[in-house]
Amino acid sequence: MAERISAVKGMNDLLPEQMGVWHRIEDQARGTLERFGFGEVRTPILEKTALFVRGVGEETDIVGKEMYTFEDRGGEAKAGTMVSLRPEGTAPAVRAAIEHNVFGQEPLVRWYYLGPMFRRERQQKGRYRQFYQVGAEIYGASAPHADAELIDAGQAFLSSLDIGEITLEINSLGDESCRPKYIEALVGYLKSRALDLCPECQRRLQTNTLRVLDCKNESCKRVTAEAPSVDAFLCEPCREHFATLLGLLDGLSIEYVVNPRIVRGLDYYTRTVFEFVSHLQGEGGLGSQNTVCAGGRYDRLVKNLGGPEVPAVGFAAGLDRLALLSAKNAWGARPPELFLVSLGEQARQRALLLASELRRKGAFVDQDLRGGGLKAQMRRADKSGATFTLVIGESELASGKANLKRMATGEQREVVLSSLFDELSGSRSTR
RNA sequence: GUGAGUGUAGCUCAAUCGGCAGAGCACAGGACUGUGGCUCCUGGGGUUGAGGGUUCGAUCCCCUUCACUCACCCCA
């Protein structure tokens with residue numbers, strides 16, 4: 001046997017028996033988002049690296065060390081451009097909107113995307129190098145009503161999935177006028193307690209101060225528990241935006257927990273940030289990668305990427321994690337209506353023809369293409385979950401009639417082969 | 001990138017102190033001439049992840065390596 005070639009590390013195959021769950025999730029995502037007025041955008045999986053460096057932030061882990069980046073082939077002597085497999089969907093969507101001058105034509109735009117993303121991290125439960133996200137974004141509305149509607153859409157999508165309890169945590173990071181002051185105060189405080197911080201956080205103190213708030217180290221948690229909180233530093237417009245948003249969520253009966261420790265990994269967030277988290281553990285749960293959907297407001301991103309000044313809010317949901325939570329739901333493939341069993345070469349050809357005709361009319365028909373004995377084919381029919389089975393042999397070929405057997409009860413009834421489709425649809429409607 | 005755990009049949013797992021590699025499920029066939037499920041019988045299936053070492057002898061002990069899983073980290 002030739003040497004086997006395995007899949008690339010961290011990249012998983014999704015086999016047909018899992019797709020029932022995936023299709024269900026994708027259908028719910030599309031259905032929910034389209035009811036909320038979002039239209040789908042599909043962008044390339046490959047983008048110029050510069051898009052993510054500028055859009056997501058050069059200092060972020062995602063861009064700094066997790067992208068699949070390589071040089072596209074240039075011409076003979078010319079060097080190619082650096083390109084990357086997309087690690088997230090927002091920057092490409094914004095790029096596309098700018099490129100097609102969407103903001104020039106529509107003051108308010110609602111887009112969603114769904115597809116694979118790539119990050120070269122060490123894999124773990126719910127974290128893979130190729131993973132799938134569905135994201136929704138509202139461009140053009142700075143009012144907290146946009147944040148509220150977006151969160152409502154996310155909540156509606158998640159609650160359509162039967163994945164156990166999901167809690168919404170929310171926070172405001174402020175904007176360019178107040179966040180710097182907060183960070184300054186935070187750095188000041190953390191420096192005074194630096195000795196109690198883990199080595200990792202002592203380093204973060206300089207590079208990415210907000211992340212210290214996110215640390216799970218017990219000692220760090222004690223320190224940050226008494227740290228100055230963002231809400232004390234929010235400027236008046238930011239404070240009002242946040243307060244109004246919380247009020248709107250109350251009005252929508254969406255439960256939330258204000259969590260001042262929420263920090264997002266992408267640089268572009270301003271004001272609102274939120275996470276939907278699952279606390280299911282163990283079998284059927286998520287382990288430590290338990291954020292199932294997260295997002296926030298990014299009012300400067302469009303401008304940073306060369307577009308007009310357009311405010312935006314968005315979220316992204318991790319489909320792999322939702323699939324993990326849904327795995328217990330047996331959303332299997334649909335069984336066939338009819339399974340054809342044939343005996344002998346003549347009958348086999350007739351069955352092939354019959355199956356083709358019925359399928360073209362819209363029936364779901366299966367058969368055992370390997371042929372074989374009656375018993376084997378019947379077993380196959382049983383296993384397929386088919387509602388009916390029909391055996392075609394010499395006598396049926398001669399008479400043009402056959403017994404249609406209902407598998408659940410074992411009862412049989414003689415039908416004329418030429419009217420088989422009507423027989424099937426008749427019993428379909430009376431079912 | 002760091003750490004820990006696990007690798008035995010398609011799947012889930014056994015194998016005593018280092019002593020002939022097994023079971024259940026699944027698959028195939030039969031008991032039952034052209035009617036599935038239940039029961040019983042039979043059968044095919046293995047480089048014990050790979051490579052090396054210790055030993056008369058290694059699934060078992062040691063080293064290396066690879067893969068997977070979980071956690072750190074990071075994030076959806």
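As a basis for the values below, the full set of heavy atoms in this structure was taken, side chains included, without hydrogen atoms, waters or symmetry mates. What you see is a predicted model, and the numbers here were worked out from it, not measured in a lab.
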When rounded to the nearest Å, what value does the distance between P atoms of B:U8 and B:C61 take?
15 Å
Do the side chain of A:Gln377 and the base of B:G34 come within less than 3.5 angstrom through a donor-acceptor pair of N or O atoms?
no
Measure the distance from CZ on A:Phe118 to P on B:C75 and round it to the nearest whole Å.
19 Å
Side-chain donor-acceptor pair present, A:Glu66, A:Tyr68, cut-off under 3.5 Å:
no
By ring-ring contact (aromatic ring centres under 6.0 Å, His included), which residues pair with A:Phe157, not counting sequence neighbours?
none
Regarding A:Ser395, tell me which of base, sugar-phosphate or nothing describes its non-hydrogen contacts under 4.0 Å with the strands shown.
base
By the 4.0 Å heavy-atom rule, please label A:Tyr128 as base, sugar-phosphate, or nothing.
base
B:G49 and B:A21: how far apart are their P atoms, nearest whole angstrom?
15 Å
Please report the distance, rounded to the nearest Å, between CG in A:Asp61 and C1' in B:C74.
6 Å
Could you summarise the pairing of RNA chain B as dot-bracket text, marking Watson-Crick and G-U pairs under 3.5 Å with ( ) or [ ] inside the strand and | across strands?
(((((((..((((.....[..)))).(((((.......))))).....(((((..]....))))))))))))....
Ignoring hydrogens and angles, are the base of B:C27 and the side chain of A:Arg380 linked by a donor-acceptor pair under 3.5 Å?
no
Nearest-Å distance once atom C1' is located in both B:G5 and B:C20:
32 Å
Once you apply a heavy-atom cut-off of 4.0 Å, does A:Ala294 come out as touching a base, just sugar-phosphate, or nothing?
sugar-phosphate
Check the distance between B:U42's P and A:Lys375's NZ and give it to me in whole angstrom.
17 Å
Measure from CG on A:Asn290 to P on B:C70 and round the result to the nearest Å.
14 Å
Does a side chain donor of either A:Ser172 or A:His241 reach within less than 3.5 Å of an acceptor in the other side chain?
no
Would you say A:Gln123 reaches B:U69's phosphate, i.e. side-chain N/O to OP1/OP2 under 4.0 Å?
yes
Considering every strand and a 4.0 Å limit on heavy-atom distances, what is the contact class for A:Gly135: base, sugar-phosphate, or nothing?
nothing
Take atom P in B:G18 and the same atom in B:C62, then report the distance between them in whole Å.
11 Å
What interatomic distance, in whole Å, is found between C1' of B:G22 and the corresponding atom of B:A76?
44 Å
Taking only the P atom of each, what is the distance from B:U12 to B:G19 in whole angstrom?
26 Å
Between A:Phe38 and A:Tyr112, is the ring centre distance below 6.0 Å?
no
Is any side-chain nitrogen or oxygen of A:Lys9 closer than 4.0 Å to OP1 or OP2 of B:C66?
no
Starting at atom CZ of A:Arg129, determine the distance to atom C1' of B:C68, rounded to an integer number of angstrom.
13 Å
Cut-off 3.5 Å, side chains only: do A:Tyr268 and A:Asp299 have a donor facing an acceptor?
no
Starting at atom CD of A:Glu137, determine the distance to atom P of B:A76, rounded to an integer number of angstrom.
12 Å
Ignoring hydrogens and angles, answer whether the base of B:G36 and the side-chain atoms of A:Lys405 contain a donor-acceptor pair closer than 3.5 Å.
yes
Within less than 4.0 Å of OP1 or OP2 of B:C75, is there a side-chain N or O belonging to A:Arg321?
no
Between A:Arg86 (CZ) and B:A76 (C1'), how many Å, whole number?
14 Å
Should A:Ser288 be listed as having a side-chain N or O under 4.0 Å from OP1 or OP2 of B:C72?
yes
At less than 4.0 Å, is any side-chain N or O atom of A:Gln124 found next to OP1 or OP2 of B:A71? Yes or no.
yes
State yes or no: are the ring centers of A:Tyr139 and A:Phe103 separated by less than 6.0 Å?
yes
Presence of salt bridge, A:Arg95 and A:Glu99, under 4.0 angstrom
yes
Answer yes or no: does a side-chain N or O of A:Lys383 lie under 4.0 Å from OP1 or OP2 of B:A26?
no
Proximal nucleotide (of B:C74, B:G34, B:G29) relative to the A:Val391 side chain
B:G34
Between C1' of B:G36 and CG of A:Asp368, the distance in whole Å
13 Å
Taking atom types as modelled and ignoring hydrogens, do the side chains of A:Gln124 and A:Ser288 form a donor-acceptor contact shorter than 3.5 angstrom?
yes
Need one value for A:Glu88: base, sugar-phosphate or nothing, where a base atom within 4.0 Å counts as base even if backbone is also close, heavy atoms only.
nothing
Would you call A:Glu137 and A:Arg110 a salt bridge, taking side-chain N to carboxylate O under 4.0 Å as the test?
no
Residue closer to the 5' end of RNA chain B, A:Val8 versus A:Thr291 (nearest nucleotide):
A:Val8
Considering just the side-chain nitrogens and oxygens of A:Arg122, establish if one lies under 4.0 Å of OP1 or OP2 belonging to B:C70.
no
Could you tell me whether A:Gly373 contacts a base, only the sugar-phosphate backbone, or nothing, with contacts defined as non-hydrogen atoms closer than 4.0 Å?
nothing
How far, in whole Å, is B:A14 from B:U48 if one measures between their C1' atoms?
13 Å
Looking only at atom P, what distance separates B:G3 and B:C60, rounded to whole Å?
25 Å
By the 4.0 Å heavy-atom rule, please label A:Arg119 as base, sugar-phosphate, or nothing.
base
Audit row: A:Thr272, A:Asp147, side chain to side chain donor-acceptor pair (under 3.5 Å) steps and yes/no
CA-CA 8 Å; A:Thr272 314; A:Asp147 307 47; 2.7 Å; yes
First of A:Gln289 and A:Tyr132 reached from the 5' end of RNA chain B, by closest nucleotide:
A:Gln289
So what does A:Glu66 hit on the nucleic acid, given a heavy-atom distance under 4.0 Å: a base, only sugar-phosphate, or nothing?
sugar-phosphate
